[in-house]
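In what follows, chains are A, B, ... by sequence order, proteins preceding strands, each numbered from 1. Everything quoted here is computed from the prediction, not taken from an experiment.
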There are 2 protein chains.
Amino acid sequence: MFDKFRNNFPLTDEKWNEYIGCFNRIEVPAKTTLLEEGEISKKLFVIEKGCIRVWFNHNGKDLTSQFFFENQSVSSIESFIKKFPSPVFIETIEPSILWWIHKEDVDTILEEVKEIPELRDRLIDMLFQRTFDYMKHFFSFIKDTPAQRYQSLIEEKPQIVQRVPQHYIASYLGVTTVHLSRIKSKLLQK
Amino acid sequence: MFDKFRNNFPLTDEKWNEYIGCFNRIEVPAKTTLLEEGEISKKLFVIEKGCIRVWFNHNGKDLTSQFFFENQSVSSIESFIKKFPSPVFIETIEPSILWWIHKEDVDTILEEVKEIPELRDRLIDMLFQRTFDYMKHFFSFIKDTPAQRYQSLIEEKPQIVQRVPQHYIASYLGVTTVHLSRIKSKLLQK
DNA sequence: TTCATTTAATAACAAATGTTATCGCCTGCC
DNA sequence: GGCAGGCGATAACATTTGTTATTAAATGAA
């Protein structure tokens with residue numbers, strides 16, 4: 001699972017193996033809850049196979065805010081980093097193969113790895129990237145119609161459209177399932 | 001301007017004065033453009049007095065994405081950090097007193113300051129905070145109606161409602177000026 | 001397989017929001 | 001003080017989106 005990343009990291013083999021050894025492999029069915037709302041997140045997940053969504057409950061409605069696929073890492077970032085109760089649920093969509101690591105191990109690794117400027121810069125870069133992604137998604141809510149957001153989704157994140165049930169996509173785009181259905185049928189007419 | 005922050009930073013007086021000396025004070029009227037779309041941002045601004053908005057043009061519409069007030073720092077973050085052409089304009093709303101610093105000076109300071117773990121951690125913390133703010137604002141677009149978003153704005157960021165012209169607030173909330181007017185008059189009826 | 005459950009499409013109607021136009025009030029400027 | 005232009009309220013109408021209900025298709029479990 002992790003071998004393909006090996007040459008991206010300027011570490012001794014010894015250190016590398018020590019870090020990799022902290023990860024645990026699990027296989028879980030679809031609709032498995034990995035983190036409950038209110039819980040303090042103690043695990044970071046990496047997806048080997050499958051797909052995960054982050055969602056929250058608002059007045060009884062199930063609202064999805066993010067999707068994750070193979071090779072992405074997933075956590076409730078506020079909860080994991082700041083030890084706040086998680087505002088969100090994390091749940092598998094498909095049967096999945098995951099690797100998880102304890103927060104304590106992540107902290108230890110980060111503490112050691114900070115001394116390596118290349119890695120430190122890459123971590124800061126990842127943080128920025130996450131922020132930019134949020135900004136981009138957020139902008140689309142100010143400037144685009146739901147139909148345009150769906151069109152962008154098809155173009156930019158086809159995995160979501162192909163692998164995720166439609167009612168999750170609807171709330172992700174900020175519309176009802178009925179309206180997403182209408183958007184799709186209008187697209188087909190053209 | 002910066003004296004009130006002095007005791008927050010574990011630096012020698014000499015270093016502190018060197019860093020503060022990099023800032024330049026300017027006074028500008030309302031509606032002054034500080035950064036054009038497409039330009040690469042080379043300045044970071046700190047607001048001593050006044051108020052600033054970040055906006056972009058979408059199909060001829062003026063869409064505001066952020067507001068900033070006293071003691072906040074402002075830049076087109078993607079452009080300033082990554083040297084991309086800025087996707088946004090930055091403009092004063094009120095006549096303002098600003099302090100600006102060159103990107104090169106920021107880079108130099110950051111390079112030196114990274115060696116101080118307290119500061120480094122605080123910088124990373126600020127990055128996270130920015131991300132959390134975006135996430136929160138973004139969530140409100142999925143879960144709340146425009147009327148609810150306006151209500152939250154009154155409660156959580158009263159400065160915006162008090163000091164910013166209404167047509168800027170409208171696009172910030174993702175509605176037309178006409179609809180924001182309706183929202184306000186409905187609130188008064190209750 | 002069969003049956004129950006989940007998921008998606010559609011229709012009819014209701015509510016929210018956008019568009020265009022008009023009016024009045026300020027504010028800054030001469 | 002008077003005037004022009006910017007700003008905000010409101011009305012009438014158009015369009016978009018939500019709600020509820022129904023049906024059909026797909027999926028999963030026994």
Side-chain angles (χ1 to χ4, degrees), chain A residues 27-33 50-51 53 55 58-64 67 91-96 140-151 153-154 160-190, chain B residues 28-33 50-51 53 55 58-64 67 91-96 140-154 160-190:
Chain A
E27 297 192 28
V28 296
K31 300 209 181 189
T32 304
T33 295
C51 137
R53 74 185 182 112
W55 66 281
H58 182 67
N59 300 338
K61 287 184 184 168
D62 174 322
L63 302 178
T64 298
F67 299 105
E91 187 183 284
T92 54
I93 294 176
E94 303 172 353
S96 302
S140 78
F141 272 77
I142 301 189
K143 71 182 197 210
D144 296 326
T145 64
Q148 289 166 330
R149 281 202 291 285
Y150 182 68
Q151 188 71 53
L153 203 66
I154 294 174
I160 294 183
V161 181
Q162 286 154 12
R163 296 170 62 178
V164 173
Q166 198 164 311
H167 54 290
Y168 298 150
I169 298 178
S171 70
Y172 178 76
L173 294 176
V175 297
T176 59
T177 56
V178 176
H179 194 60
L180 179 52
S181 224
R182 276 194 285 242
I183 289 169
K184 285 179 68 178
S185 72
K186 277 204 182 170
L187 271 182
L188 287 177
Q189 284 172 28
K190 290 174 187 171
Chain B
V28 295
K31 300 207 181 190
T32 304
T33 294
C51 137
R53 73 184 182 112
W55 66 281
H58 182 66
N59 300 338
K61 288 186 185 167
D62 174 325
L63 301 178
T64 298
F67 299 106
E91 186 183 285
T92 53
I93 294 176
E94 303 172 353
S96 302
S140 78
F141 272 77
I142 301 189
K143 71 182 196 208
D144 296 326
T145 63
Q148 290 166 329
R149 282 202 292 282
Y150 182 68
Q151 188 71 53
S152 310
L153 204 65
I154 293 175
I160 293 182
V161 181
Q162 286 153 14
R163 295 170 62 178
V164 173
Q166 199 163 311
H167 56 287
Y168 296 151
I169 297 178
S171 70
Y172 178 75
L173 294 176
V175 298
T176 59
T177 55
V178 175
H179 194 60
L180 179 52
S181 225
R182 276 194 286 244
I183 288 170
K184 285 179 69 178
S185 71
K186 278 203 182 171
L187 271 182
L188 287 176
Q189 284 171 28
K190 290 175 186 172

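Distance alone, capped at 3.5 Å, places no donor-acceptor pair between the A/Thr92 side chain and the A/Pro95 backbone.
Applying the 4.0 Å criterion to OP1 and OP2 of D/dG8, one finds that B/Lys184 has every side-chain N and O outside that range.
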Readout for nucleotides 14-30 of chain D: B = base within 4.0 Å of protein heavy atom, S = sugar-phosphate only, - = neither; 5' to 3' it is ---BBBB----------

Please test A/Gln151 against A/Asp144 for side chain to side chain contact (heavy atoms under 4.5 Å, CB included), starting from the C-alpha separation and ending with a verdict. CA-CA 10 Å; A/Gln151 188 71 53; A/Asp144 296 326; over 6 Å; no

Step by step, work out the side chain to side chain contact (heavy atoms under 4.5 Å, CB included) result for B/Tyr150 and B/Leu187.
CA-CA 10 Å; B/Tyr150 182 68; B/Leu187 271 182; 3.7 Å; yes

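Applying the salt bridge (Lys or Arg N to Asp or Glu O under 4.0 Å) rule to B/Asp62 yields the partners B/Arg53; only residues at least two apart in sequence or on another chain are considered. Residues satisfying the side-chain contact (heavy atoms from CB on, under 4.5 Å) test with B/Thr33, not counting sequence neighbours, are B/Glu36, B/Glu91. Residues meeting the side chain to side chain donor-acceptor pair (under 3.5 Å) test with B/Ser152, sequence neighbours left out: none. Applying the side chain to side chain donor-acceptor pair (under 3.5 Å) rule to B/Arg182 yields the partners B/His179; only residues at least two apart in sequence or on another chain are considered.
A/Pro165 and A/Ile93 get closest at one heavy-atom pair: CD-CG2, 3.7 Å. Considering every non-hydrogen atom in both B/Cys51 and B/Ser96, the closest pair reads N-OG, 3.4 Å.
Identified under the salt bridge (charged side-chain N to carboxylate O under 4.0 Å, His left out) test for residues 161-174 of chain A, with sequence neighbours left out: A/Glu70-A/Arg163, A/Glu94-A/Arg163.
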Side-chain donor/acceptor pairs under 3.5 Å, residues 166-173 of chain B, sequence neighbours excluded:
from: B/Gln166; atom 1: OE1; to: B/Lys184; atom 2: NZ; distance (Å): 2.7
from: B/Ser171; atom 1: OG; to: B/Thr64; atom 2: N; distance (Å): 2.9
from: B/Ser171; atom 1: OG; to: B/Tyr168; atom 2: O; distance (Å): 3.3

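Summarising the geometry, atom NZ belonging to B/Lys186 is positioned 9.0 Å from atom CD1 belonging to B/Ile183; distances are rounded to the nearest 0.5 Å.
Only B/Pro165, B/Gln166, B/His167, listed by number, bring a heavy atom of residues 161-173 of chain B to less than 4.0 angstrom from any atom of DNA chain D.
Chain B approaches DNA chain C over the interval C/dT17 to C/dT20, counting the first and last nucleotide 5' to 3' with an atom under 4.0 Å from its heavy atoms.
Comparing the axis of the opening five pairs of the helix from C/dT1-D/dA30 to C/dC30-D/dG1 with that of the closing five pairs yields an angle of 50°, rounded to 10°.
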